[in-house]
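What you see is a predicted model, and the numbers here were worked out from it, not measured in a lab. Start at 1 and go down the list; that is how both ligands and their atoms are numbered. What you see below is based on every heavy atom in this structure, not just the backbone, and it leaves out hydrogens, waters and symmetry mates.
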Amino acid sequence: MGMGQQDLSSHYALLLGLNDDWKVEEVALDMENKKVRIRVGFCGRSLVCPCCGHSTSRADFAPERTWRHLDTMQFETELRARVPRADCGDCGVKTCEVPWAGKQSPFTWFFEAFAVQVLESAANVKAAAKVLGIGWDAAHRIMDRAVARGLAKRDVSKIRRTGIDEKSFLRGQDYVSTLCDLDGMRVIEVVRGRTEEDARRLFQALPREVRGEIEAVAMDMWPAFINAAGELLPGADIVFDRFHVSKHMGEAVDAVRRGEHKMLAKAGDSRLKGSRYFWLRREEGIAPEKREAFEALRDSDLRTARAWAIKELLREFWECRNEAFAETHFERWYGWAIRSRLAPVKKVARMLKRHLDGLLSYFRHWITNAATEGFNSRIQAIKAAARGFRNFEHYRIRILFFCGRLALRPDPTH
Ligand SMILES: [Zn+2]
């Protein structure tokens with residue numbers, strides 16, 4: 001039961017979404033190479049200049065081009081056509097657009113839409129490229145175009161709460177900074193570096209009128225970010241991120257432990273040996289069989305135990321019901337920390353005191369960059385999948401592709 005050539009032609013015309021200006025002239029099956037070649041011809045009478053949209057006359061036809069289409073019953077399917085060139089009085093001779101593919105794409109819209117779907121669900125770009133039967137570069141260009149389409153259609157007007165954060169890039173020798181929409185849970189932009197100028201570029205990814213509406217921005221106590229936000233987000237409260245605060249405090253505890261362990265070891269006391277992990281965790285996180293050993297250390301008169309207790313008390317700051325309680329709690333905590341005679345702890349205490357406003361503003365906005373943990377792990381995976389990532393732009397495209405919540409699929413009717 002075969003389809004006649006006529007049926008086959010109209011079948012493909014429908015599948016390709018051709019308009020009246022184009023008709024399928026030939027469908028050739030190459031059984032040996034398992035290929036279907038579809039030749040499409042222009043039969044329209046009027047042309048539109050692709051630059052200015054005015055009706056123009058035809059100059060000539062561009063040389064024949066090929067587009068890869070979705071496979072037909074496992075036959076690799078390609079489309080061939082000579083595209084007319086418009087002779088525009090204002091713009092000159094320009095190659096017209098075609099209804100089945102985007103500008104400069106060697107794939108039809110349908111193929112490109114399918115490819116985006118495969119890329120979204122495949123484990124990595126290499127695996128997706130293999131499924132699609134295309135090269136890595138072609139797959140990357142599909143992502144590139146998908147992100148460009150998504151960015152062009154993206155609505156950022158409702159963003160009120162944001163987060164700015166830095167991540168290492170190229171094995172930690174270098175940094176990138178990301179801006180997130182904490183309400184929409186998406187990455188807005190990625191820039192290279194973490195200087196004030198880099199942060200400024202990052203915020204400028206949002207139009208000025210949107211920036212004026214931003215109410216809060218979560219970040220680490222990092223002067224470059226603080227200054228850039230002060231300048232470009234005039235109405236935003238800075239909220240210092242609780243997880244960065246814990247990180248600083250954890251590092252202080254670790255510094256105390258290292259110093260004390262060195263001292264004790266000289267006197268033959270190895271109590272702190274191998275205990276690093278204990279002190280970094282919260283008490284509930286310690287395995288039951290190790291509890292007893294930990295409790296003995298915790299209740300000792302070790303300096304490290306004192307530093308740990310101060311860290312734990314700081315943790316309770318974040319559980320306060322409101323700003324007033326939090327402020328009282330902080331003052332009590334600060335008094336203890338500053339009299340602790342533990343230099344690393346005192347240093348963090350002073351830093352927190354200096355940034356108290358931004359710590360207390362948490363109780364007005366309740367935001368933290370930890371909400372972005374989900375795509376932080378995704379970004380980690382992206383980085384791991386492309387070890388080395390020499391090319392920042394590729395890295396950026398992938399982060400936006402996977403974490404930008406963009407409308408990535410092409411919409412040929414648009
Ligand atoms: Zn024109």
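- Checked against the 6.0 Å centroid criterion, the rings of Trp222 and Phe240 do not qualify as a close aromatic pair.
- Between the Zn ion (ligand 1) and Cys51 there is no N/O/S contact shorter than 2.8 Å.
- In this structure, Trp318 and Leu359 have side chains that are in contact, with non-hydrogen atoms separated by less than 4.5 Å.
- Geometry note: the Zn ion (ligand 1) is the vertex, Cys91 SG and Cys52 SG are the arms, and the angle is 110° (rounded to 10 degrees).
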Could you give me the CA-CA distance, side-chain angles and deciding distance for Phe317 and Phe363, then say whether ring pair (Phe, Tyr, Trp, His ring centres under 6.0 Å) is met? CA-CA 10 Å; Phe317 171 79; Phe363 299 93; 5.3 Å; yes
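- Ion pairing between a basic and an acidic side chain is recognised when a charged N comes within 4.0 Å of a carboxylate O; Arg396 and Glu189 show such pairing.
- At least one N, O or S atom of Cys49, from either the backbone or the side chain, sits less than 2.8 Å from the Zn ion (ligand 1).
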